[in-house]
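For this chain, numbers begin at 1 and follow the sequence in order.
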Amino acid sequence: MGNAIGLYITKPDTTPNPNKEPSFDPNLGFSNGRKERVMIATEAEMESAKLPLDGRDYCAHKLLTYSQCRREEWPLVYRCHHERHDYFTCQYEDYILRMKEYEREKRLLERKQRIAKKQGTEFA
């Protein structure tokens, strides 16, 4: 008993759904705007390299370089340590950015709830 796997959410009304798009304007709070993230690797490049679906993210261009190096240097793949490091650094920075966006969404939802409570309206 008690071995249920799941996520315990303490504040379900202000916890953002990670599977949905953000509900707030991405430039809210940024006076000069924000730089938009763009994919460097094209869909055709990823398909021709037979990249797995979970590798087709903002770091796909680094993964393509790393995969190409591994193919060229096989079996001496230790020669690709720079490409591997670049790819994992990109993955880490992408993770940090996604967690910051999640936290931003959470704080904006809490702010919206505080404002609604102060005005005496229903939080939706």
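- Residues Asp57 and Lys62 are not paired through a salt bridge, judged by the lack of any N-O separation under 4.0 Å between the basic side chain and the carboxylate.
- Rounded to the nearest 0.5 angstrom, Arg104 CZ and Leu97 CG are separated by 11.0 Å.
- Nearest heavy atom pair, residue Ala41 against residue Leu64, reads CB-CD1, 3.8 Å.
- Glu110 CD to Glu105 CD: the interatomic distance, rounded to the nearest 0.5 Å, is 11.0 Å.
- With a 6.0 Å radius and a threshold of 12 heavy atoms from other residues, nucleotides or ligands, Tyr92 has its OH atom at or below the threshold.
- Minimum heavy-atom separation, Ile40 to Glu45: O-OE1, 4.3 Å.
- With Ile115 as the partner, the side-chain contact (heavy atoms from CB on, under 4.5 Å) test is satisfied by one option alone out of Arg111, Lys118, Gln113, Lys112: Arg111.
- With contacts defined as side-chain heavy-atom distances shorter than 4.5 Å, the pair Arg79/Arg70 does not qualify.
- Scanning all heavy atoms of the two residues, the minimum distance from Arg37 to Asp94 falls at NH2-OD1, 2.7 Å.
- In this structure, OG in Ser67 is found 8.0 Å from OH in Tyr87, a value given to the nearest 0.5 Å.
- Note that OH of Tyr66 and SG of Cys90 are 14.5 Å apart. Values are rounded to the nearest 0.5 Å.
- Residue Glu47 places its CD atom among more than 12 non-hydrogen atoms of other residues, nucleotides or ligands, all under 6.0 Å distant.
- Expressed to the nearest 0.5 Å, how far NZ of Lys106 lies from CE of Met99 amounts to 11.5 Å.
- For the pair His85/His82, no side-chain contact is recorded, criterion being any heavy-atom separation below 4.5 Å from C-beta on.
- Taking each heavy atom of Ser23 and Leu109 in turn, the nearest pair found is OG-CD2, 4.4 Å.
- Heavy atoms only, all atoms of each residue included: Glu83 and Thr65 are closest at CG-CG2, 3.8 Å.
- Tyr58 and Tyr102 fall into different hydrophobic clusters, where Ile, Leu, Val, Met, Phe, Trp and Tyr side chains are chained together by heavy-atom contacts under 4.5 Å.
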*Does the pair Arg56 and Glu43 meet the rule for a salt bridge (charged side-chain N to carboxylate O under 4.0 Å, His left out), with working shown?*
CA-CA 9 Å; Arg56 298 180 185 197; Glu43 191 68 33; 3.1 Å; yes

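- Both Phe88 and Leu51 are part of a single hydrophobic cluster, where members link through side-chain heavy atoms under 4.5 Å apart.
- In the displayed structure, Arg107 atom CZ is contacted under 6.0 Å by at most 12 heavy atoms of other residues, nucleotides or ligands.
- Taken to the nearest 0.5 Å, the SG atom of Cys80 stands 11.5 Å off from the CG atom of Asp86.
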